[in-house]
Number of protein chains: 2
Amino acid sequence: MKLDPRHLEILAAIVEAGGLTEGAALLGKSQPSVSRSVSLLEDRVGEPLFLPTRRPLQPTELGIALAQEGQRILDAGRRASQTVDTYRRGLAGAVRVAGTPIFMDGVISSVIAEFQAEYPSIRIDQSYGYPAELLSKISSETLDVAILPIRPADVSDEFEFRQILPGRNVIACRVGHPLARKKEVRLEDITKYSWIAPPANSPLFRDLRNTLDGIGVRDLKISFTGGSLSAVVNVLTGSDSLTVLPFSVVFMMQRQNTLTSLPIKIGDPDRHLGCIALRDRRMSASSNRFLGFVEQKFKMLDRLICKA
Amino acid sequence: MKLDPRHLEILAAIVEAGGLTEGAALLGKSQPSVSRSVSLLEDRVGEPLFLPTRRPLQPTELGIALAQEGQRILDAGRRASQTVDTYRRGLAGAVRVAGTPIFMDGVISSVIAEFQAEYPSIRIDQSYGYPAELLSKISSETLDVAILPIRPADVSDEFEFRQILPGRNVIACRVGHPLARKKEVRLEDITKYSWIAPPANSPLFRDLRNTLDGIGVRDLKISFTGGSLSAVVNVLTGSDSLTVLPFSVVFMMQRQNTLTSLPIKIGDPDRHLGCIALRDRRMSASSNRFLGFVEQKFKMLDRLICKA
DNA sequence: CAAGTTTCATAACGCAAAGTTATATAATTC
DNA sequence: GAATTATATAACTTTGCGTTATGAAACTTG
């Protein structure tokens with residue numbers, strides 16, 4: 001026979017508090033209410049749960065046994081409420097975040113690390129992708145936050161775009177590269193070196209083409225293509241190759257004294273780095289918290305970069 | 001915020017079963033019913049518990065966390081139902097039983113031992129008392145079963161009396177007592193020995209006086225009075241004293257070759273041994289089970305005694 | 001990709017029971 | 001035995017569960 005878990009909770013409260021009145025107070029209900037609930041429970045159980053006509057109210061053996069289960073139910077309920085509370089306040093949960101590979105690895109991953117240090121109960125599910133698919137995943141709600149370079153005008157009304165860094169690319173090379181010491185680098189200098197190209201379908205690859213077109217470089221030697229940021233970095237540091245990278249990525253690598261940028265001005269892309277999510281806060285509190293955190297960190301990073 | 005434990009149960013069932021329809025079946029409810037319950041729960045929680053427009057239905061992080069608590073509630077409920085069931089069938093619980101000291105120690109205690117071997121989950125709370133107080137305790141429901149010698153006519157309608165042995169006393173002495181070897185014992189033989197008397201307020205003490213009056217003994221030497229059965233037995237076996245004991249007690253002691261009875265006929269008391277409980281089965285199933293067990297064991301004992 | 005099947009959501013309504021306040025009754029205290 | 005306190009009962013409102021019927025999605029299949 002199925003018992004109402006609420007009845008067991010009430011029983012537990014009464015047994016713990018030592019009386020109907022106190023139990024009712026404990027539950028925030030009126031005394032007649034719990035009195036009748038106990039009656040109903042006794043009727044269904046078919047056995048007395050309290051010794052009759054004795055005060056202070058004393059539970060029977062069975063009453064004690066059932067109250068114990070009621071206590072577990074109360075505990076589970078309390079844990080559940082607690083869980084809901086932390087989720088609502090965005091202190092627990094999961095955030096599905098994705099972005100373009102180079103930028104994710106070069107900049108975002110360390111921001112995520114800081115975030116997790118502050119909110120250890122929020123799980124981050126990170127993945128990679130290029131703008132078109134990222135937007136579609138946001139749209140189908142299989143992704144909470146996308147971090148990507150995009151033209152603000154290209155963002156449809158469905159999404160909310162928050163810029164975190166202006167688009168700015170540089171030509172990157174290893175620390176100690178022959179060109180890095182020069183005060184000024186000229187066109188003919190860079191044509192002597194071979195180039196590393198990002199994957200052909202990445203925005204960065206388009207930036208590379210545009211950049212080189214812009215400064216008049218027509219035929220370039222591509223010695224390496226594809227690969228992740230760490231592959232690119234390894235090849236760069238192990239050779240005199242050049243490549244185009246977001247300045248923020250190079251900035252982060254400079255701290256580790258691995259990469260640097262050439263003192264040559266190249267055109268900035270018309271895409272800017274930002275976070276994209278569904279409009280109208282249609283996302284979890286933890287995602288919101290993550291978004292806010294990323295914005296804040298990039299404000300600080302932006303200031304650092306401007307000083308540099 | 002307090003959540004309805006029934007909602008958490010439903011959530012657990014749905015998550016476990018993998019769908020609303022299957023979850024509803026698992027709970028023995030209709031699909032619309034659980035559908036609405038989930039909606040209500042989601043409203044109160046304020047966060048989605050299932051990913052929208054996806055089938056098979058997939059719970060969110062929060063949904064999984066809450067379902068886990070729901071599972072605990074389900075488990076507690078099942079254990080509670082199970083507990084009620086065993087109590088109702090009299091396979092668990094407690095029986096408060098009391099009786100006159102000599103008879104409890106001499107006969108009932110071994111029956112209780114057998115009972116506990118068969119029903120290990122039933123706890124026996126045993127105590128001692130004389131008839132008047134035993135009846136009042138039964139009346140006030142602080143006692144479930146009394147085992148005592150009483151005149152059937154003295155049992156009021158409030159109680160139910162079940163005779164388990166006819167009243168029959170004997171003069172008891174140690175095995176190897178000088179009188180025990182005789183084929184026939186005469187009055188003048190027993191007057192030579194000193195007597196052990198039970199506590200002055202016990203029914204057995206009245207039996208002792210009546211018996212000795214009946215066979216014409218006027219002045220008797222009382223060498224020991226009071227004490228429990230084991231004290232009486234120790235004194236009896238260590239001396240040539242005599243005393244009056246219920247035959248059933250001596251019968252049990254004979255098995256251990258400690259006591260025996262004299263071959264002299266004495267008048268039987270008008271009280272008979274029996275169990276007393278409240279009329280109309282106003283007691284727990286476990287008490288009923290105990291009563292039935294005692295009756296059955298004494299039917300067997302009665303047959304053994306009659307043969308002897 | 002259109003048709004069919006499955007699964008979930010919504011609607012409407014009866015009913016069980018939780019909740020309330022007011023009040024009676026029983027236990028305990030003094 | 002009177003006063004006090006605790007529990008039970010009464011009368012009534014409101015909430016929400018449970019039902020069947022039906023609509024609307026989403027997956028499956030030919």
Side-chain angles (χ1 to χ4, degrees), chain A residues 1-46 48-60 63 67 70 73-74 77 136 139-142, chain B residues 1-46 48-60 63 67 70 73-74 77 136 139-142:
Chain A
M1 170 211 13
K2 176 89 176 82
L3 302 173
D4 191 327
R6 292 173 305 174
H7 289 169
L8 296 175
E9 287 186 340
I10 290 172
L11 180 63
I14 293 171
V15 168
E16 187 181 333
L20 277 181
T21 311
E22 299 91 322
L26 202 69
L27 294 166
K29 301 183 197 293
S30 68
Q31 171 267 318
S33 182
V34 304
S35 172
R36 201 178 25 171
S37 292
V38 169
S39 291
L40 264 166
L41 179 59
E42 275 184 326
D43 286 352
R44 295 185 188 171
V45 164
L49 299 175
F50 291 96
L51 300 179
T53 70
R54 297 211 77 73
R55 245 162 333 165
L57 216 52
Q58 210 177 335
T60 61
I73 293 174
L74 273 175
S136 108
S139 204
S140 67
E141 298 197 58
T142 55
Chain B
M1 167 214 13
K2 177 87 176 84
L3 303 172
D4 190 328
R6 292 173 304 175
H7 289 169
L8 296 176
E9 286 186 339
I10 289 172
L11 179 63
I14 292 171
V15 169
E16 188 183 331
L20 276 183
T21 311
E22 300 89 320
L26 202 68
L27 294 166
K29 300 182 197 295
S30 68
Q31 171 267 318
S33 182
V34 304
S35 171
R36 199 179 26 176
S37 293
V38 169
S39 290
L40 265 166
L41 179 60
E42 275 184 327
D43 287 351
R44 295 187 188 168
V45 164
L49 300 174
F50 291 95
L51 300 179
T53 68
R54 298 211 76 74
R55 248 168 324 171
L57 215 51
Q58 210 176 333
T60 61
I73 292 174
L74 273 175
S136 107
S139 205
S140 67
E141 299 198 56
T142 55

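Reckoned from all heavy atoms, side chains included, excluding hydrogens, waters and symmetry mates. By convention in this document, chain letters (A, B, ...) are assigned in the order of the sequence lines, proteins followed by strands, and residues within each chain are numbered from 1.
- When atom types are taken as modelled, the side chain of Q31(B) and the backbone of T21(B) share no donor-acceptor pair closer than 3.5 angstrom.
- When distances run from any side-chain atom of T21(A) to the nucleotides dA18(C), dA6(D), dG18(D), the shortest one goes to dA6(D).
- Side chain Q31(A) to base dA6(D): no donor-acceptor pair is found below 3.5 Å.
- Dashed line: the shortest gap from a side-chain N or O of S35(B) to OP1 or OP2 of dA9(C) is under 4.0 Å.
- Counting any heavy atom pair closer than 4.0 Å across all strands shown, S30(A) reaches a base atom.
- Atom CG of L27(A) is separated from atom P of dG19(C) by 9 Å (rounded to the nearest Å).
- At dC17(D), none of the side-chain N or O atoms of R6(A) fall inside 4.0 Å of OP1 or OP2 (strictly under the cut-off).
- If you take CG of L8(B) and C1' of dC17(D), they are 16 Å apart, rounded to a whole angstrom.
- Side-chain contact check for L41(A) versus L3(A): some heavy-atom pair is nearer than 4.5 Å.
- Regarding contacts with the backbone of dC17(D), a side-chain N or O of H7(B) is found under 4.0 angstrom from either OP1 or OP2.
- Taking atom CD of Q58(A) as the reference point, atom C1' of dT7(D) lies 16 Å away to the nearest angstrom.
- Atom NZ of K29(B) and atom P of dA16(C) are 15 Å apart (whole Å).
- Phosphate contact (OP1/OP2 of dA9(C), side-chain N/O of S39(B), threshold under 4.0 Å): absent.
- Under the 4.5 Å side-chain criterion, counting only non-hydrogen atoms from C-beta, L11(B) is not in contact with H7(B).
- Distance CZ (F50(A)) to P (dA8(D)): 9 Å, rounded to an integer number of Å.
- Counting only heavy atoms from C-beta on, L57(A) has its side chain closest to dT7(D) among dT7(D), dA18(C), dC8(C).
- Mapped onto DNA chain C by nearest heavy atom, R36(A) and P32(B) fall at different nucleotides, with P32(B) at the one closer to the 5' end.
- Considering CG of L8(A) and CD1 of I73(B), their distance stands at 10.5 Å, rounded to 0.5 Å.
- Per the geometry, CD1 belonging to I14(A) stands 14 Å off P belonging to dA6(D), to the nearest Å.
- Closest to the side chain of L40(B), out of dG16(D), dC12(D), dA6(D), is dG16(D).
- Closest contact between the side chain of S33(A) and the listed nucleotides dT20(C), dA17(C), dT7(D) involves dT20(C).
- The CG atom of L20(B) sits 14 Å away from the P atom of dG18(D) (whole-angstrom rounding).
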